[in-house]
2 protein chains.
Amino acid sequence: MVSIKKIASDIGVSTATVSNALTGKGRVSEEMVARIQARADELGYRPSIAARALKTGHTGILGLVMPDLTNPLFPRIAQTLSIAADRRKLGILIADSRGSADEQSEALHRLVDRGVDGLLVVPQKGTTPDPMPVPIAVINTASDPTNSVSADHWGGGALVAQHIADIGHRKVIILGGDKVSEVQRDRIAGMTQTLRNDMQASVFWGNRGVMQAVAEVQTGATAIMTTSDLIALRVRSELIRSQVSVPDLVSLTGFDDMTFASIMHPALTTVAQNVEEIASRAIDIISAKIQGAAPAQEGETVPMRLVVRQSTSIPTHPAKRRPPQ
Amino acid sequence: MVSIKKIASDIGVSTATVSNALTGKGRVSEEMVARIQARADELGYRPSIAARALKTGHTGILGLVMPDLTNPLFPRIAQTLSIAADRRKLGILIADSRGSADEQSEALHRLVDRGVDGLLVVPQKGTTPDPMPVPIAVINTASDPTNSVSADHWGGGALVAQHIADIGHRKVIILGGDKVSEVQRDRIAGMTQTLRNDMQASVFWGNRGVMQAVAEVQTGATAIMTTSDLIALRVRSELIRSQVSVPDLVSLTGFDDMTFASIMHPALTTVAQNVEEIASRAIDIISAKIQGAAPAQEGETVPMRLVVRQSTSIPTHPAKRRPPQ
DNA sequence: CTCCCTTGCTTGAACGTTTAACCAACTAAA
DNA sequence: TTTAGTTGGTTAAACGTTCAAGCAAGGGAG
């Protein structure tokens, strides 16, 4: 292992000078910097992170805790986060909260023990991570007061609802997965508050809700808006089973634009998160906090984007059609 | 920050004794160990990973590199790996190789620079990670000579093929995603080598292959075996478009048992990896290598499991049925 | 009583950085 | 010519551990 000492003795200067030259901190002549750089490159010098961490107290590592790593959105978040972190020369240590609030808290502490400089957390539904000895950035949803950055889930809900209203649906069904999730509640709030006054909406939840929604189609509902592509796919399967065609008889929407959304048939109209932007802001925020600065735009939200595909259309089927009032 | 020094001076012993007591290494009396432990707990002492790393040269951190973090399998691997690592008091630092072999190599080096003790890598299709200064465990497939542990992809292919043969199909289509992938080649090899002599099989690849496969159904093929659930879903969509019903007219199989496989309609017959077992073995292997031991069962493979659902059935449709010869 | 072994602890150096404090030499201003 | 400021370095301590080596005290064997 080649250390700063080796370079120093090679060139005949002190280790302090080498350190200064390499980090660009103290006062070192241009020429000396060049010589030191050259020798460092030659020797393939890599600074010891451990030594630096010991001295400075910073490891350059961020901890990432997600509610459940099997969440289909996780890969994209992890990837973009990892790329964004990389640009800032930060590493990402992962931990899984295994679905429980207790485990979430333990995971956070494990990361802190490992010396992370800051924490990124997508909280377990319905929980708020307890205070930590290092800065923390929360990725959740606007209605969470601890939220640092997130997609505008409310706005996303509004987008689909507007789309559904615009193309002429008047009786709709809204289908959520879990009432405990603030994200899903916000999405649904966005939907309901955007529907026109002359529209009629029923909200259902969970697995039972899927059945209720499909049944409701018989009573004249022409659109089903769900809070997740996964739920939409489940509904789609039920509809096939009941011989209800999409979008002819009923329009269907999802949320999050997962991989299969564009592949399934009909391709699913959904709402996409700008994951890159969220990740990049999360990193900005946590970096600022680590440096003791007040993070710009903390708590702000990133717009979602409506992706219209084939699963939604004008309600045309004669039997089901309800003339605009 | 409470250090070993604080405990030492509190109790009135040397730091060495505290260190020995806490790590259980040197010679310390039972009683003293107890007193030190007690005081440490009281103060909420956490050893400085950085200091330890600096001194010992080990960080207790593993690097994980995946070809593309958006790979739908990633979450499960990451999760189980993270849990398994945790049990061994190891951390996991992630890096994304962004789809290219160069980036993969860079990612590996970044991790090494961060001082990881070992590397876990799921290699980019068709690449072999170049030699690294730390131990490395490769998760790929049996036919890769550098493979440390993986699912038995060949066996998985054999399982589906056997299933398809058993229920009476005689003319089948095999559909792969990318010829470059050893994993997919092994899966397909498992399929083709397991088919009976009196069976007829055509192999197609990629997006074009999907169309070819669907067209081939017209010529009498009664089953389509794919190397991925994602491909299967794509095929399913094409089949709906062509009004070919599954499984009545044609049986369909996937690979990997992704989330949507059980949700889509009809629920997909597929082959599942024992991700937990693979992760746990990977950690065993890399730990052994780090400790300089010869890892037991390196290179061995973990059996896959056939999950039969509704997308496969006896070839019954009159028009398409071909009597067993 | 001496010799040696074991037990239980201490000493001190080392890991590779960073950083505050210091200093010599030179330059520019007064 | 003194004084003050700047430039380009050096010295030495410190971060929190670990670990080899050392040492005092006690015990058992001879």
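We use all heavy atoms of the structure for the numbers below, so side chains are in, but hydrogens, waters and symmetry mates are not. In this text the structure is predicted, and so the values were computed from the model without any measurement. All chains are named by letter (A, B, ...) in the order of the sequence lines, taking the proteins before the strands, and each is independently numbered beginning at 1.
- Closest approach to the A/Ser48 side chain among C/dT17, D/dG16, C/dT10 is made by C/dT17 (side chain taken as heavy atoms from C-beta onward).
- If you measure from atom CZ of B/Arg46 to atom P of D/dT17, you get 12 Å, rounded to the nearest angstrom.
- Residues B/Lys55 and B/Val28 each lie close to DNA chain C; by heavy-atom proximity, the contact nearer the 5' end of the strand is made by B/Val28.
- No side-chain N or O of A/Ser97 forms a donor-acceptor pair with one of A/Glu103 less than 3.5 Å apart.
- A/Thr59 contributes atom OG1, which lies 10.0 Å from atom CD1 of B/Ile49 (distance to the nearest 0.5 angstrom).
- At the phosphate of D/dG16, neither OP1 nor OP2 sits under 4.0 Å from any side-chain N or O atom of B/Ser3.
- For the 3.5 Å distance criterion, the side chains of B/Asp186 and B/Ser143 qualify, holding a donor opposite an acceptor.
- When the side-chain nitrogen and oxygen atoms of A/Thr56 are compared with OP1 and OP2 of C/dT18, none of them lie within a distance under 4.0 Å.
- As a whole-Å value, the separation of A/Glu30 CD from D/dG9 P is 11 Å.
- Atom-to-atom, NE2 of A/His58 to C1' of C/dT17 comes out at 14 Å; the value is rounded to the nearest Å.
- One interatomic measurement links the two molecules: CD1 of A/Ile4 to P of C/dC15, which rounds to 14 Å at whole-angstrom precision.
- For B/Ala16, the listed nucleotide lying nearest its side chain is C/dT11; candidates were D/dT17, D/dT10, C/dT11.
- A close approach under 4.0 Å does occur between a side-chain nitrogen or oxygen of B/Arg52 and OP1 or OP2 of D/dT18.
- Contact annotation: B/Lys25 does not reach the phosphate of D/dT18 (side-chain N/O to OP1 or OP2, under 4.0 Å).
- Taking the side chain as every heavy atom from C-beta outward, B/Arg114 and A/Ile61 approach each other to under 4.5 Å.
- For B/Asp102 and B/Ser100, the side-chain atoms include no donor-acceptor pair closer than 3.5 Å.
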Side-chain atoms of residues 284-301 of chain B: list all donor-acceptor pairs with protein atoms under 3.5 Å, sequence neighbours left out, distances to 0.1 Å.
{"unit_1": "B/Asp284", "atom_1": "OD1", "unit_2": "B/Arg88", "atom_2": "NH1", "d": "3.1"}
{"unit_1": "B/Asp284", "atom_1": "OD1", "unit_2": "B/Arg88", "atom_2": "NH2", "d": "3.3"}
{"unit_1": "B/Ser287", "atom_1": "OG", "unit_2": "B/Arg88", "atom_2": "NE", "d": "3.2"}
{"unit_1": "B/Ser287", "atom_1": "OG", "unit_2": "B/Ile283", "atom_2": "O", "d": "2.6"}
{"unit_1": "B/Lys289", "atom_1": "NZ", "unit_2": "B/Ile136", "atom_2": "O", "d": "2.8"}
{"unit_1": "B/Lys289", "atom_1": "NZ", "unit_2": "B/Glu298", "atom_2": "OE2", "d": "3.1"}
{"unit_1": "B/Gln297", "atom_1": "OE1", "unit_2": "B/Arg281", "atom_2": "NE", "d": "3.3"}
{"unit_1": "B/Glu298", "atom_1": "OE2", "unit_2": "B/Ser148", "atom_2": "OG", "d": "2.9"}
{"unit_1": "B/Thr301", "atom_1": "OG1", "unit_2": "B/Ser150", "atom_2": "O", "d": "3.2"}
{"unit_1": "B/Thr301", "atom_1": "OG1", "unit_2": "B/Ala151", "atom_2": "O", "d": "3.3"}
{"unit_1": "B/Thr301", "atom_1": "OG1", "unit_2": "B/Asp152", "atom_2": "N", "d": "3.2"}

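- Counting only heavy atoms from C-beta on, B/Lys5 has its side chain closest to D/dC15 among C/dT10, D/dT11, D/dC15.
- The residue among B/Ala50 and B/Asn20 whose nearest nucleotide of DNA chain D is located toward the 5' end is B/Ala50.
- Residue A/Tyr45 places its side chain closer to C/dT17 than to any other of C/dT17, D/dT18, D/dG8.
- Rounded to whole Å, atom C1' of C/dC23 lies 11 Å from atom CZ of A/Arg27.
- Atoms CD1 (B/Ile36) and P (C/dC9) sit 8 Å apart, rounded to a whole Å.
- Considering only side-chain N and O atoms, B/Ser19 lies under 4.0 angstrom from the phosphate OP1 or OP2 of D/dT18.
- A straight line from CD1 of A/Ile49 to P of C/dT18 spans 10 Å, rounded to a whole angstrom.
- Listed candidates were C/dC15, C/dT10, C/dG16. Nearest to the side chain of A/Ala51 is C/dG16.
- Note on A/Ser29: a side-chain N or O is less than 4.0 Å away from OP1 or OP2 of D/dG9.
- Distance from the side chain of A/Leu54 is smallest to D/dC15 among D/dT10, D/dG8, D/dC15.
- Summarising the geometry, the separation between CG on A/Leu43 and P on C/dG16 is reported as 14 Å, rounded to the nearest angstrom.
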